[in-house]
There are 4 protein chains.
Amino acid sequence: MIDRLLAATTQVLDERGYAGLSTNRVAERAGVSVGSLYRYFADKNDLIEELRTRSSADVLTDLTDALTAAVAMPARDGVRHVLAVLVAALKRHRAVTTAMISEAPLGAHGNILPEVERQLAQVTRIFVAVHAPHLEPAEAGARIHLAMGVTLNACLRITLEPPPGITEDRLIDLTADLLVLGLLPDPLARA
Amino acid sequence: MIDRLLAATTQVLDERGYAGLSTNRVAERAGVSVGSLYRYFADKNDLIEELRTRSSADVLTDLTDALTAAVAMPARDGVRHVLAVLVAALKRHRAVTTAMISEAPLGAHGNILPEVERQLAQVTRIFVAVHAPHLEPAEAGARIHLAMGVTLNACLRITLEPPPGITEDRLIDLTADLLVLGLLPDPLARA
Amino acid sequence: MIDRLLAATTQVLDERGYAGLSTNRVAERAGVSVGSLYRYFADKNDLIEELRTRSSADVLTDLTDALTAAVAMPARDGVRHVLAVLVAALKRHRAVTTAMISEAPLGAHGNILPEVERQLAQVTRIFVAVHAPHLEPAEAGARIHLAMGVTLNACLRITLEPPPGITEDRLIDLTADLLVLGLLPDPLARA
Amino acid sequence: MIDRLLAATTQVLDERGYAGLSTNRVAERAGVSVGSLYRYFADKNDLIEELRTRSSADVLTDLTDALTAAVAMPARDGVRHVLAVLVAALKRHRAVTTAMISEAPLGAHGNILPEVERQLAQVTRIFVAVHAPHLEPAEAGARIHLAMGVTLNACLRITLEPPPGITEDRLIDLTADLLVLGLLPDPLARA
DNA sequence: AATGAATGAGCGTTCATTCAT
DNA sequence: CATGAATGAACGCTCATTCAT
């Protein structure tokens, strides 16, 4: 039932956008009564949150795998791999991503990315500690914070509004370069 | 009256967020009747657009000055100056920026930044042409596109959710470094 | 619920006239919420149309019976019978008739009578063909058109603003005479 | 000023229909302020009433002349003349007539015709007294009442929705025949 | 006299939420 | 458990009317 409702929510989001998302419509689309929706979700917000959480979790699954694989690679290759996986995952959730990032009141629901960012930041801290051990903690923290912004923003741009005349691969390459440059001040560390 | 209504809109946005922004509430907060609101604005959308336009114009004024000043500076200093001015301008419009960037359905109203980004991209093209003339056009375009994302995202983060334990100045420094690094592949060009 | 709402609509029409007919008022008068009204009617117009359609259908039912009975009678008696039935039916729907005929913007909703007139005209064509077969088609058409106006107008007058000092029966008699005279130019045909 | 406002009202009625008739619009169209409108007319209703009255008066002027001329003619010719003049006059006021008859809440403003009908009835009484002196007063009254309905309804139909395939002249002829037939029971009286 | 900015009750309509069945 | 009819506050917007200037 819950899955049915969340699937219906995604559909409605796809077809009508965030503004067209009403609980009655979701229930109708799911083929159940509104009453049932309110048995499984406290309110509309809860429904949206759950959808966001699930999309987030799905993205995180891929991300975790990518991060695991990345640690065994040279720095730049690892970063590149993570970016590519992230873009692919966001593409898969284009509907929810679009709705949540571009349409939904962020203040109300946050977006998919905070959890992704948290996970990413955690691993990035280790990455920086390994490759640039002499960096001061505060300095490292700031670089990581900025890098997270760069990463998510770049992946979103690549996913939702890719610039014309250039391949996605090249964009990911450039972003990877930028991130390595930004994260690791020591040129020697960059493999 | 127009100013009064726009000020009230900003207030309501501040207190209730985008979702709580209603024409009746704005009129009430402005101490006028709804009818008056509709004398000066065609509809709710027009009200929001006007607020956005004004904020945008105000940010652009500062930005233009900063860009003019920046061309006479060494590359990194110029970039830094522009970032600092942008952060200051966004801070001044924190309420509208938050509401428009983070809450408003982007599809409905766009946000302040597209216009800022456009202006910024234009000058950045020249900047890149001067400092890295050998860069291929498509490559340069992609770098600029990404750099715009980095710039706006960084300024927004610095303005709206600055990371703890580090000064704003240092964050701007780091961002400037990142941008120069990302835009100009030739190390010699970086002054 | 639908009946309740239509009854309330009739009441409001009676008490406040067409101009005073608002969806909120109808709902209140029906003792239900506005929301309920919109569960059963797409919009205000739909509500009005439904009321009109029902009144129209009810009048048409009687009219059809009367026409069926009339064909077996001598010409004048048949005409008279139809008129009497029509007056009785309109009386039964006095509220709706008044509102729709006399108050509603005709352009917006039409009124009850077009459907009545259409049905009446159809049978009248046969009546004329039988009793005055030598009449030219165009001439017959014009006579019928005028006769329809006379019929409806007379019935409306008899129903809504009967002249003083004379019985309804006598008015119907006179109208019947007039119609027979107007429809059938051949005196011999008039039984 | 009054004329200007009434002319503007007619224009607005023509262009936007009764539903689009607002005092602000009328004032704007007249090139004066709403305030001025309310100096010369007590309220919106008063404005409409005045327009109706004037149209009515204009029609009455023609009607009076026609009636004066008609008394010197044979019965049927006189009736025909009056009908022709009436149709012409209504055509001249098509905008107001349409709005008032077909769109305006009749209950609120009545229509142009009552005054016309009154005047017409008055003369018709004399006409009947001359041509059918033996008719009982109540009977004559009823016949006149019905004839008024026929007359106005026919003229309106001829003016606003003429049936296709037949000339206006023929329609007026038929109506005249009908009226004479209906008003004067004595065949000898019909010249 | 004339203006027109200002008013505010009221309109048609939506939709998150509840609760008797 | 599930239903879906019912709710009603709130929304965006209109327009006849007023009144300080």
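This is a predicted model, so every value here is computed, not measured. Chain naming here is simple, since letters A, B, ... match the order of the sequence lines and numbering starts at 1 in each.
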side-chain hydrogen bond (donor to acceptor under 3.5 Å, both in side chains) with C:Glu28: which residues, sequence neighbours excluded? none
Taking only side-chain nitrogens and oxygens of C:Ser36, does any of them come within less than 4.0 Å of OP1 or OP2 of F:dT7? yes
Is any side-chain N of the basic residue among D:Glu49 and D:Arg54 closer than 4.0 Å to the acidic one's carboxylate O? no
Whole angstrom value for the distance that separates P of F:dT7 from OH of C:Tyr40: 9 Å
Atom pair distance, as rounded to whole Å: CG in B:Leu5 and P in E:dA5: 14 Å
Could you state the atom-to-atom distance from CD of C:Glu28 to C1' of F:dA9 in whole Å? 15 Å
Take the protein atom CZ of D:Phe41 and the nucleotide atom C1' of E:dA2, then report the distance between them rounded to whole Å. 15 Å
Here's a test of your reading of the structure: between D:Ser33 and B:Ser33, which maps to the more 5' nucleotide of DNA chain E? D:Ser33
Which residues satisfy the side-chain hydrogen bond (donor to acceptor under 3.5 Å, both in side chains) test with B:Ser36, sequence neighbours excluded? B:Ser33
How does DNA chain F look in dot-bracket notation if pairs are Watson-Crick or G-U with both distances under 3.5 Å, crossing ones as [ ], other-strand ones as |? .||||||||||||||||||||
Distance in Å, C:Leu51 CG paired with C:His93 NE2, rounded so as to fall on 0.5 Å steps: 9.5 Å
Thinking salt bridges, do A:Arg92 and A:Asp62 make one under a 4.0 Å N-O criterion? yes
How would you list, by chain and number, every residue that makes a side-chain hydrogen bond (donor to acceptor under 3.5 Å, both in side chains) with A:Arg25, sequence neighbours excluded? none
Those residues that, when tested against B:Gln119, pass side-chain hydrogen bond (donor to acceptor under 3.5 Å, both in side chains) (two or more places apart): B:Thr64
Atom pair distance, as rounded to whole Å: CG in B:Leu47 and P in F:dC13: 10 Å
Where D:Asp46 and D:Tyr40 come nearest, the two heavy atoms and their spacing: OD2-O, 4.4 Å
Without decimals, in angstroms, what is the distance between D:Leu37 CG and E:dA1 P? 15 Å
Rounding to a whole Å, what distance do you find between C:Met1:CE and F:dG4:P? 16 Å
Residue C:Arg39, side-chain atoms from C-beta onward, closest of E:dT7, E:dA2, F:dA5: F:dA5
Find the distance between NZ (B:Lys44) and CD1 (B:Ile48) and round it off to the nearest 0.5 Å. 5.0 Å
B:Arg16 CZ - F:dA9 P separation (whole Å): 16 Å
Can you check each nucleotide of nucleotides 16-21 of chain E against protein heavy atoms at under 4.0 Å and return B for base, S for sugar-phosphate only, - for none, in 5' to 3' order? BBB---
